[in-house]
Amino acid sequence: MNAVEIIRKKRDGEVLDKEELNFLVRGLIDGSVPDYQVSAFLMATFLRGMAHGETVHFTEVMLRSGEVLDLSEMESSIVDKHSTGGVGDKVSIVLAPLLAAAGVVVPMISGRGLGHTGGTLDKLESIPGFRTDLSIFDFRNALWDTGVAMMGQTEEIAPADRRLYALRDVTATVESIPLIASSIMSKKLSEGLDGLVLDVKVGTGAFMKTMEEAEVLARMMVEVGKSFGVKTVAVLTDMNDPIGKAVGNALEIRECINFLKGNAGDNLTDIVLTLGAWMLYIAEELVRFSEDKKTVDPGASINEGKLAEKRIKLEGLINSGKALEKFVELLESQGGNPEIIANPGLLPVAGNILPVTAVEDGYITGIDAEKIGWAATLLGAGRLRAEDPIDHAAGITINRERGSEVKREDPVAVIHYNDDGNLEEALRLVENAFNIGTEPPGLREIIRKIIQ
């Protein structure tokens, strides 16, 4: 077996077997296959794609390149959620403690922001003292104590994926759907899950711009999950407008606190409760316990009436304050300062603010999520390269939502910044993000499709 022959086969559209994929991945890790040959394989895959069986095998090879958590001693169902990345996407930060308050174990391995999309880890690290660099040992202990833990990928978790992603980033192969699917699923399956709910974003602010692209990715990940015996559901959600009213790390943590106190906008609430209801359904209805092990039917169908019951249960946990209590437990478990609940002013605050006003009269027909995301990145809330520093205080708050009637010079957003080096360009992007028309827009369809 040699790398050149494997590259040739993939270049010519042939299907690689598990042993060939394992040869490449192991060779990347131990240095016996050089980066330039792995890069050639990635480009061939980008151009030729992968068959379903190949994607499953590739996912397994990356998964087995590191440690797979054994959480079988947990007495509750283990279910996680993953987002493909969006603008203002703070859903995980409220969803994880909410589901833990419902009795589900939520082991969440999250990522950092890159480009115009934000990262959960960056948002959590804006909380004074909060640690995301947990060891596997500490991660397991936190799950045992509180039922929820949120950390970054470690060297032990799918190390092949870290190396492959670094190569994809510099070889223009990031957008390959099989490579995206295997990357996401290898990390998620390493958590020892019973179930997984995928939030596949679609629209201007997402990596998947069209429904066709999003559906292909969603179906591929669902099928990969099922192949590993994990009940997997994909929820396609609209990412043309930002999620919620805040974009930027500390700003979004403030919005998360308000959400858990029962104060949130409709679009954030709809996404959280929809994803949460699916997670809770899997945990309570599909995972069965016997004397020796947990079992799950990855192909089971969903009862819509019971799904609605789960949503009502989650609303009750928010209204009763139990979800907020679990968030405090999460903070204390990972070193975060729980005083931010009573005093959000303890979070980083930008030294300067700049109001943004409407450029004409009319109705806001949409807010371009991608432009808002890039504006926040220019202000320092995101990064263009993996090594770029983050300004946790920088970002944008949105004052007027889609459908609002505005007059010229009415305030529509506020820019929060410390460094004014890119302020002029960020301001232009935010102004242009607000599309204003003469008629109010139709209702926004936030939940676009469910794939299971």
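Because the structure is a prediction, the values reported are computed rather than measured.
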More than 12 heavy atoms of other residues, nucleotides or ligands under 6.0 Å from CD of E401: yes or no? no
Take atom CG of D266 as the centre, draw a 6.0 Å sphere, and report whether it contains more than 12 heavy atoms from other residues, nucleotides or ligands. no
When you measure from the side chain of E315 to the backbone N and O of N319, does any donor-acceptor pair fall under 3.5 Å? no
Is the side chain of S333 donor-acceptor paired with the backbone N or O of L330 at a distance under 3.5 Å, no angle test? no
Is R219 salt-bridged to E215, going by a charged N under 4.0 Å from an acidic O? yes
Would you say T204's side chain and N240's backbone share a donor-acceptor pair under 3.5 angstrom? yes
Interatomic distance, CZ@R448 vs CG@D238, rounded to 0.5 Å, equals 5.5 Å
Looking at L95, L268, I253, which hits side chain to side chain contact (heavy atoms under 4.5 Å, CB included) with K90? L268
Salt bridge flag under 4.0 Å for residues D270 and R311: yes
Note: D35-R163 ion pair, threshold 4.0 Å (strictly below): yes
Do L317 and L314 touch side chain to side chain, with heavy atoms closer than 4.5 Å? yes
Approximate separation, where rounding is to 0.5 Å, of Y417 OH and L354 CG: 6.0 Å
Carefully, step by step, assess E370 and K209 under the rule salt bridge (Lys or Arg N to Asp or Glu O under 4.0 Å). CA-CA 11 Å; E370 185 171 22; K209 305 295 185 186; 3.6 Å; yes
With a 3.5 Å distance limit and no angle check, can you tell me whether S126 reaches the backbone of H392 through a side-chain donor-acceptor pair? no
Under 4.0 Å between a Lys/Arg side-chain N and an Asp/Glu carboxylate O for E284 and K313? yes
Please report the closest heavy-atom contact between V25 and A160, naming both atoms and the distance. CG1-CB, 3.4 Å
Ignoring hydrogens and angles, tell me if any N or O in the side chain of R400 forms a donor-acceptor pair with the backbone of E405 under 3.5 Å. yes
Taking V412's backbone N and O only, do any of them form a donor-acceptor pair with D410's side chain (distance below 3.5 Å, no angle check)? no
Under 6.0 Å from the NZ atom of K310, do we count more than 12 heavy atoms belonging to anything else shown? yes
Compare every heavy atom of I340 with every heavy atom of I257, then report the nearest pair and how far apart it is. CD1-O, 3.6 Å
Just by distance, do the side chain of K294 and the backbone of E75 share a donor-acceptor pair under 3.5 Å? no
Identify the two heavy atoms, one from H416 and one from A393, that lie closest to each other, and give their separation to 0.1 Å. CB-O, 3.9 Å
Judged by atom type as modelled, is there a donor-acceptor pair below 3.5 Å linking the side chain of K231 to the main-chain atoms of V296? no
Do K245 and T397 get their side chains close enough for a donor-acceptor pair, meaning under 3.5 Å? no
Applying side-chain contact (heavy atoms from CB on, under 4.5 Å), run through F434 and V359 and close with a yes or a no. CA-CA 9 Å; F434 284 83; V359 297; over 6 Å; no
Output the distance between atom CD (E125) and atom OG1 (T120), rounded to the nearest 0.5 Å. 11.0 Å
For S183 and D161, what are the C-alpha separation, side-chain angles and deciding distance, and is it a side-chain hydrogen bond (donor to acceptor under 3.5 Å, both in side chains)? CA-CA 6 Å; S183 173; D161 176 64; 2.6 Å; yes
Verdict with supporting geometry, K123 and C256, side-chain contact (heavy atoms from CB on, under 4.5 Å): CA-CA 10 Å; K123 296 165 191 179; C256 289; over 6 Å; no
Begin with the C-alpha distance, continue with both residues' side-chain angles, and end with the deciding distance and a verdict on side-chain contact (heavy atoms from CB on, under 4.5 Å) for D80 and V106. CA-CA 5 Å; D80 194 10; V106 186; 4.0 Å; yes
Can you see which heavy atom on E255 is nearest to which on G244, and at what distance? OE2-CA, 3.3 Å
Below 4.0 angstrom, N of the basic side chain to O of the carboxylate: do R140 and E73 qualify? yes
Applying side-chain contact (heavy atoms from CB on, under 4.5 Å) to T377 and R383, what does each step give before you reach the verdict? CA-CA 6 Å; T377 299; R383 53 174 69 82; 5.9 Å; no
Taking atom NZ of K226 as the centre, report whether more than 12 heavy atoms of other residues, nucleotides or ligands fall under 6.0 Å from it. yes
Report yes or no: does E156 contribute a side-chain atom to a donor-acceptor pair with the main-chain N or O of G66 at less than 3.5 Å? no
Heavy-atom closest pair (L63 atom, V68 atom, distance to 0.1 Å) is CD1-CG2, 3.8 Å
Show the numbers, then the answer: is there a side-chain hydrogen bond (donor to acceptor under 3.5 Å, both in side chains) between T210 and E212? CA-CA 5 Å; T210 68; E212 182 181 10; 5.1 Å; no
For a quick test of reading the model, state the closest non-hydrogen atom pair linking V406 to I364 and the distance between them. CG1-CD1, 4.0 Å
With distance as the sole test, does D122 use its side chain to make a donor-acceptor pair with the main-chain N or O of R112 at under 3.5 Å? no
Check K326 with E329, please: is the shortest side-chain N to carboxylate O separation under 4.0 Å? yes
Would you call I180 and F207 a side-chain contact if the rule is heavy atoms closer than 4.5 Å? no
For D194 and S77, does a side-chain donor sit closer than 3.5 Å to a side-chain acceptor? no
